[in-house]
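Counting begins at 1 with the first residue of the sequence.
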Amino acid sequence: QVQLVESGGGLVQAGGSLRLSCSASGRTFSSYAMGWFRQAPGKEREFVAAISWNVGTTYYGDSVKGRFTISKDNAKRTMYLQMNSLKPEDTAVYSCAVALRGTSVRLGLSYDYWGQGTQVTVSS
């Protein structure tokens with residue numbers, strides 16, 4: 001089992017920034033990739049960003065490209081999402097996830113473990 005805990009969510013004004021963290025613990029940690037997804041009320045889950053754990057290749061959803069940056073600290077088994085130039089449409093519950101095997105990182109079904117999520121609210 002892998003446990004994931006997100007932190008860093010909150011309320012911010014449009015144009016502001018937040019940094020989300022996702023800490024992993026549990027079984028010997030070896031993953032293919034970690035990713036961030038978000039879900040707003042009444043909407044489907046949306047891919048935000050992902051990073052391959054060993055190589056560090058990054059992937060972004062079109063709606064966040066250029067504004068969000070994903071990074072990781074292997075020693076701390078922690079992934080980060082720096083969110084800049086936030087917009088009201090970024091409001092959602094953000095969840096991190098771990099994919100243990102090589103797969104399409106943009107698909108939620110590719111991930112094996114999920115965190116509980118953290119709320120991000122951007123006011124206009």
Using side-chain heavy atoms (C-beta onward) and a distance below 4.5 Å, is [X] in contact with [Y]?
| X | Y | answer |
| --- | --- | --- |
| L81 | V48 | yes |
| S21 | M79 | no |
| W36 | S95 | no |
| Q82 | S71 | no |
| D90 | R67 | yes |
| Y80 | T69 | no |
| V120 | L18 | yes |
| T91 | T121 | yes |

Within the side chain of [X], is there an N or O that forms a donor-acceptor pair under 3.5 Å with the backbone of [Y]?
| X | Y | result |
| --- | --- | --- |
| E6 | C22 | no |
| S85 | G15 | no |
| D73 | T78 | no |

For the [atom1] atom of [X] and the [atom2] atom of [Y], what is their distance to the nearest 0.5 Å?
| X | Y | atom1 | atom2 | result |
| --- | --- | --- | --- | --- |
| S123 | L11 | OG | CG | 5.0 Å |
| R101 | S110 | CZ | OG | 10.0 Å |
| Q13 | S124 | CD | OG | 9.5 Å |
| S25 | R77 | OG | CZ | 6.5 Å |

Hey, can you tell me if F68 and Y94 have their rings parallel, tilted or perpendicular (30° and 60° cut-offs)?
->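 F68 vs Y94 ring planes: tilted.
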
Report yes or no: is the cationic atom of R106 (NZ for Lys, CZ for Arg) closer than 6.0 Å to the six-membered ring centre of Y59, at no more than 45° off its axis?
->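 Checked: cation-pi criterion not met.
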
Regarding R45 and the six-membered ring of F37, is the cationic atom NZ or CZ under 6.0 Å from the ring centre and inside 45° of its axis?
->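 The answer is yes, since R45 meets both limits relative to F37.
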
Of the non-hydrogen atoms in N84 and S17, which two are nearest, and what is the gap between them?
->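 Distance-wise, the nearest heavy atoms are OD1-OG, 2.9 Å.
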
Minimum-distance pair of heavy atoms, taken over all atoms of L4 and A24 |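 Between these two residues, the closest heavy atoms are CD2-CB, 3.6 Å.
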
Please walk me through it: do Y60 and F47 pass ring pair (Phe, Tyr, Trp, His ring centres under 6.0 Å)?
-> CA-CA 8 Å; Y60 294 95; F47 169 74; 8.3 Å; no

Kindly check if the number of other-residue, nucleotide or ligand heavy atoms within 6.0 Å of NZ (K65) is above 12?
->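 Yes - once you tally the heavy atoms of other residues, nucleotides and ligands closer than 6.0 Å, there are more than 12.
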
Heavy-atom count around Q116 CD within 6.0 Å, excluding the residue itself: above 12?
->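 Counting other residues, nucleotides and ligands, CD of Q116 stays at 12 neighbours or fewer.
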
Tell me, with the steps shown, if Q3 and Y113 meet side-chain contact (heavy atoms from CB on, under 4.5 Å).
-> CA-CA 7 Å; Q3 290 79 42; Y113 297 97; over 6 Å; no

Give the intermediate values and the outcome of side-chain contact (heavy atoms from CB on, under 4.5 Å) for residues E46 and S63.
-> CA-CA 10 Å; E46 178 187 9; S63 62; 2.8 Å; yes

Test Y111 against V105 for side-chain contact (heavy atoms from CB on, under 4.5 Å), laying out the working first.
-> CA-CA 8 Å; Y111 292 81; V105 298; 3.4 Å; yes

Looking at L20, V5, V93, which one forms a side-chain contact (heavy atoms from CB on, under 4.5 Å) with T118?
->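 For T118, the side-chain contact (heavy atoms from CB on, under 4.5 Å) test succeeds with only one of L20, V5, V93, which is L20.
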
Go through the steps to decide whether V98 and D112 satisfy the test side-chain contact (heavy atoms from CB on, under 4.5 Å), and finish with yes or no.
-> CA-CA 6 Å; V98 168; D112 300 280; 5.7 Å; no

